[in-house]
J.: 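Let me give you the structure first, and then I'll get to my questions.
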Number of protein chains: 2
Amino acid sequence: MAKAFGQPTDSNRLLSSLSPALRSLLEPHLHLTRFERQSVLQYPQETIGCVVFPVGCIGSMVAVGNDDRRIEVGLFGFEGMSGASVVMGVDTSPLEVFIQVAGDGYAIDTDVFRKLLRQHDELAAHFTRYIHCLNIQTTQTALSNGQAKLEERLARWLLMCHDRVPGDRISLTHEFLSVMLGVRRAGVTVGTHLLEGKGLIRAERGIISVLDREGLEKEARGSYGVAEKEYLRLFGKDRIER
Amino acid sequence: MAKAFGQPTDSNRLLSSLSPALRSLLEPHLHLTRFERQSVLQYPQETIGCVVFPVGCIGSMVAVGNDDRRIEVGLFGFEGMSGASVVMGVDTSPLEVFIQVAGDGYAIDTDVFRKLLRQHDELAAHFTRYIHCLNIQTTQTALSNGQAKLEERLARWLLMCHDRVPGDRISLTHEFLSVMLGVRRAGVTVGTHLLEGKGLIRAERGIISVLDREGLEKEARGSYGVAEKEYLRLFGKDRIER
DNA sequence: CCCTCTCCGTGCGATACTGTACCAAGGGGA
DNA sequence: TCCCCTTGGTACAGTATCGCACGGAGAGGG
């Protein structure tokens, strides 16, 4: 089975699925920017300075609690955007958003973006539908966190990441994964071995390669796929590219 | 410490915090209806027929997965509404929404509601801000499911329910709670004993009474409160009531 | 009053995952 | 080449929760 959103391209799918008229409203204000790993797009409860439409990078949204409790609640790449709260008409969020995989993205100033959203209902409606998909992703994360075993959550996460990255090699450490999933680093090691034992992935130092997507999806036992299907339903057919 | 949204009244706070002009747009279309326990407002992937603004009832949003996996991802009472997806411009959702505590609510036909949202930006913006709060609630649920112990999740849930119910007595069974939290029924029994042992609640057959809110909040270790604070920030001061 | 049904309390072994700790293997820089 | 730092593998005891199962207590109807 192929990646959920097709192969990543050098454009952002949320932008390219806009009608030309709407896209031309945004284009003058988009700045193609390189985002390095670990750079933070939003700090909890701080004003959101800009909104990012990734093309090559991947962003991660993390809920933070008391005493170092943190867990990833969602992630987005070339199919999505940061700054869900801005689309919702609010200028802060309790989430932390940071770059998990370095790459390019189109940035737009929050104030400019908000103004355009207010002036053009169709534009707002478009991004609002995306936020709907993102919300579904979060609900699936909640389900997964509550009911799935470590390997299942691991499989889900790898699939989501694989969808948003070119090729089959995902560059990450067990340590990083453990923070995202909110589990022990050693637990991730054991989990990857399990998936590797079934021939679904191959693990090298700092890299996990996806060998068998379909197998991973089976392994995820239904915790993967719902949000992706909804996205395809709503944004499936790109309007004329370029 | 008092309930997060103040005492429940015989009105819906989301409606009463609208400006009179906007409220008058909705009022002709609102039908005060009695909702019984267990009645379903939305089935997964089925068209959403109406949107409900509870006054006395409480609704529960549940994510459903493979083989009986289900878990509550959010809940709403007189401070909120059902049909988040409708506000987002989509007419289905993968969630199941049902009535958890019987009571009255204002129902409005989805098509009528959607039409009003499209025609009046301010109206849409108002409800969109609420959905933002609901999303935060879901992210906190994801955090809680992933990192909190049973008692903590239990404390969080009781607080959220307490906020939306008049008085301090919550009518529910361990069985029900176990389904909501996605844990064993027997686990809930043990958990309630633990909270009861600390003097935070009192459990009778089919009823849990909240004795010490502040204690419960401490027990929840930060998994309660974020979404509630955001709601108060955005909807804190009611506009002129009536 | 008894029967029945719902709800709650408890026990027991099994399992998933934790916290901690230590070591080994890659890999880049001096 | 040596060193050091990052990353990954493994172990072990401890804890949270599970699945299952059984018994008992409340409560309402006949």
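All chains are named by letter (A, B, ...) in the order of the sequence lines, taking the proteins before the strands, and each is independently numbered beginning at 1.
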J.: In whole angstroms, how far is the C1' atom of C:dT6 from the CG atom of B:Leu172?
T.: 15 Å
J.: What is the separation between atom CZ on B:Phe176 and atom C1' on C:dT6, rounded to the nearest whole Å?
T.: 16 Å
J.: Provide, to the nearest angstrom, the distance between the CD atom belonging to A:Glu175 and the C1' atom belonging to C:dG26.
T.: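 Answer to the nearest Å: 17 Å.
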J.: Ignoring hydrogens and angles, write down the donor-acceptor pairs under 3.5 Å from the side chains of residues 38-65 of chain A, residues two or more places apart or on other chains.
T.:
residue	atom	partner	partner atom	Å
A:Ser39	OG	A:Glu36	O	2.8
A:Ser60	OG	A:Glu72	OE2	2.3

J.: Could you list by number each residue of residues 188-196 of chain B showing a heavy-atom separation from DNA chain C of less than 4.0 Å, or answer none if no residue does?
T.: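 The stretch gives B:Thr189, B:His193 as the residues lying under 4.0 Å from the strand, ordered by number.
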J.: Does a donor on one side chain and an acceptor on the other come within less than 3.5 Å for A:Arg69 and B:Ser144?
T.: no
J.: Without decimals, in angstroms, what is the distance between A:Gln147 CD and D:dG19 C1'?
T.: 14 Å
J.: side-chain hydrogen bond (donor to acceptor under 3.5 Å, both in side chains) between A:Arg37 and A:Ser171: does it pass, once the steps are laid out?
T.: CA-CA 11 Å; A:Arg37 203 158 144 268; A:Ser171 179; over 6 Å; no
J.: Taking only residues at least two apart or on different chains, which pairs with a member in residues 166-188 of chain B satisfy salt bridge (charged side-chain N to carboxylate O under 4.0 Å, His left out)?
T.: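 Applying salt bridge (charged side-chain N to carboxylate O under 4.0 Å, His left out) to every pair that reaches into residues 166-188 of chain B, excluding sequence neighbours, yields B:Arg169-B:Glu204.
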J.: Are the side chain of B:Gln147 and the backbone of A:Arg70 linked by a donor-acceptor contact shorter than 3.5 Å?
T.: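 Between the backbone of A:Arg70 and the side chain of B:Gln147 there is a qualifying donor-acceptor contact (under 3.5 Å).
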J.: Given atom CD1 of A:Ile201 and atom C1' of D:dG8, what is their separation to the nearest angstrom?
T.: 13 Å
J.: Rounding to an integer number of Å, can you tell me how far B:Asn145 CG sits from D:dA16 C1'?
T.: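 After rounding, the reported distance stands at 15 Å.
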J.: B:Glu204 has an atom CD; how far is it from atom C1' of D:dA25, in whole Å?
T.: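 Nearest whole value for this atom pair: 14 Å.
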J.: Taking only residues two or more places apart in sequence or in another chain, which ones pass salt bridge (charged side-chain N to carboxylate O under 4.0 Å, His left out) with A:Arg221?
T.: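 Applying salt bridge (charged side-chain N to carboxylate O under 4.0 Å, His left out) to A:Arg221 gives A:Glu152, B:Asp67.
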J.: Tabulate atom names and distances for all N/O pairs under 3.5 angstrom spanning the protein and nucleotides 14-19 of chain C.
T.:
residue	atom	partner	partner atom	Å
C:dC17	OP1	A:Leu150	N	2.8
C:dT18	OP2	A:Arg184	N	3.4
C:dG19	N7	A:Arg184	NH1	3.0
C:dG19	O6	A:Arg184	NH1	2.6

J.: Could you give all pairs that pass the side chain to side chain donor-acceptor pair (under 3.5 Å) test and reach residues 192-201 of chain A, with sequence neighbours left out?
T.: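 Residue pairs with at least one partner in residues 192-201 of chain A: A:Lys198-A:Glu219.
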J.: Could you tell me which non-hydrogen atom of B:Phe78 sits nearest to which non-hydrogen atom of B:Asp163, and how far apart they are?
T.: CE2-O, 3.4 Å
J.: Taking N and O atoms by type only, does the side chain of A:Arg205 place a donor or acceptor under 3.5 Å from a partner on the base of D:dT6?
T.: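 In this structure, the two groups form a donor-acceptor pair.
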J.: With a 4.5 Å heavy-atom cut-off, do B:Asn145 and B:Leu181 have their side chains touching?
T.: no
J.: A:His174 has an atom NE2; how far is it from atom P of D:dT10, in whole Å?
T.: 11 Å
